[in-house]
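Atom set for the values below is all heavy atoms of this structure, side chains included, hydrogens, waters and symmetry mates excluded.
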Amino acid sequence: QVQRVESGGELVQPGDSLRLSCAASGRTVSRSARGWFRQAPGKEREFVATINWNGGSTYYTNSVRGRFTISRDNAKNTVFLQMNSLTPADTAVYSCAAGAGGGLETRAFAYAVWGQGTQVTVSS
């Protein structure tokens, strides 16, 4: 069974940086794509970033490209989301997920395992 725990969410000011991490257990995690999604109040969950199984490829939604960086440490079964130049529009609950395959994956339904989410609030 795969278990995931996100951490790093907090209240920050516009322009600040924050790093989220997601530790997972389970023997298949290191061979699967990983993703970050977010859900703002009153909005549907949206894709944020994905990384393939070996960290060699990444993909981002347009609104975060150039500001966010996804990375992973397979030795620790952990995926990270470095978020820079945060704005109030980035306020949401961020969740990590593990995919069924090893390649990049932007579709939420393709991920089998989800973390509980961590709140990121950007406000002055």
Side-chain angles (χ1 to χ4, degrees):
Q1 183 177 357
V2 178
Q3 297 181 329
R4 326 185 66 77
V5 179
E6 295 108 337
S7 62
E10 60 183 83
L11 171 64
V12 297
Q13 294 187 340
D16 283 353
S17 296
L18 199 59
R19 190 193 198 200
L20 305 182
S21 62
C22 176
S25 61
R27 58 184 178 176
T28 63
V29 168
S30 64
R31 303 291 293 182
S32 74
R34 306 285 288 273
W36 285 97
F37 291 76
R38 66 186 180 186
Q39 187 167 18
K43 296 186 177 180
E44 294 185 354
R45 181 172 57 190
E46 68 168 339
F47 162 78
V48 176
T50 180
I51 188 168
N52 74 327
W53 75 274
N54 67 0
S57 296
T58 59
Y59 184 77
Y60 303 88
T61 190
N62 286 340
S63 62
V64 308
R65 188 173 293 119
R67 298 188 299 122
F68 291 12
T69 302
I70 187 172
S71 60
R72 65 190 296 164
D73 182 343
N74 281 347
K76 299 179 179 179
N77 280 346
T78 299
V79 64
F80 305 95
L81 186 68
Q82 177 66 42
M83 304 185 294
N84 299 329
S85 302
L86 286 162
T87 74
D90 296 315
T91 294
V93 174
Y94 285 72
S95 299
C96 66
L104 300 175
E105 183 57 71
T106 65
R107 302 169 298 175
F109 69 79
Y111 288 91
V113 182
W114 291 80
Q116 81 283 1
T118 185
Q119 177 70 48
V120 173
T121 302
V122 185
S123 176
S124 56

In terms of the angle between their ring planes, are Tyr59 and Phe47 parallel, tilted or perpendicular, with boundaries placed at 30° and 60°? parallel
**Request:** Please assess Thr58 against Thr50 for the test side-chain contact (heavy atoms from CB on, under 4.5 Å), listing each intermediate value before the final yes or no.
**Result:** CA-CA 6 Å; Thr58 59; Thr50 180; over 6 Å; no
Do Arg38 and Glu46 make a side-chain contact, defined as non-hydrogen atoms from C-beta onward lying under 4.5 Å apart? yes
**Pairwise side-chain contact, Leu86 with Gln13, heavy-atom cut-off 4.5 Å (strictly under)** = no
Does some side-chain heavy atom of Thr91 sit less than 4.5 Å from a side-chain heavy atom of Ser123?
no
Residue set satisfying side-chain contact (heavy atoms from CB on, under 4.5 Å) with Thr78, at least two apart, ordered chain then number -> Ser21, Ala23, Lys76, Phe80
Exercise. Does the side chain of Ser17 come within less than 4.5 Å of Met83's, by heavy atoms?
Worked result: no
Review point. Is a donor on one side and an acceptor on the other found under 3.5 Å between the side chain of Arg67 and the backbone of Ser85?
Key: yes
- Are Arg34 and Trp53 in a cation-pi setup, meaning NZ or CZ lies under 6.0 angstrom from the ring centre and within 45 degrees of the ring axis? no
Does some side-chain heavy atom of Tyr94 sit less than 4.5 Å from a side-chain heavy atom of Leu81? yes
task: Mark yes or no for whether Asn52, through its side chain, and Gly55, through its backbone, hold a donor-acceptor pair below 3.5 Å.
output: yes
*Quick one: are Tyr111 and Glu105 in side-chain contact, heavy atoms under 4.5 Å?*
yes
Ring center gap for Trp36 and Phe68 short of 6.0 angstrom:
no
Here the gap from Asn54 atom CG to Asn74 atom CG, rounded to the nearest 0.5 Å, amounts to 8.0 Å
Within-4.5 Å side-chain heavy-atom neighbours: Val120 and Leu20
yes
Indicate yes or no: at least one non-hydrogen side-chain atom of Asp16 is less than 4.5 angstrom from one of Val122.
-> no
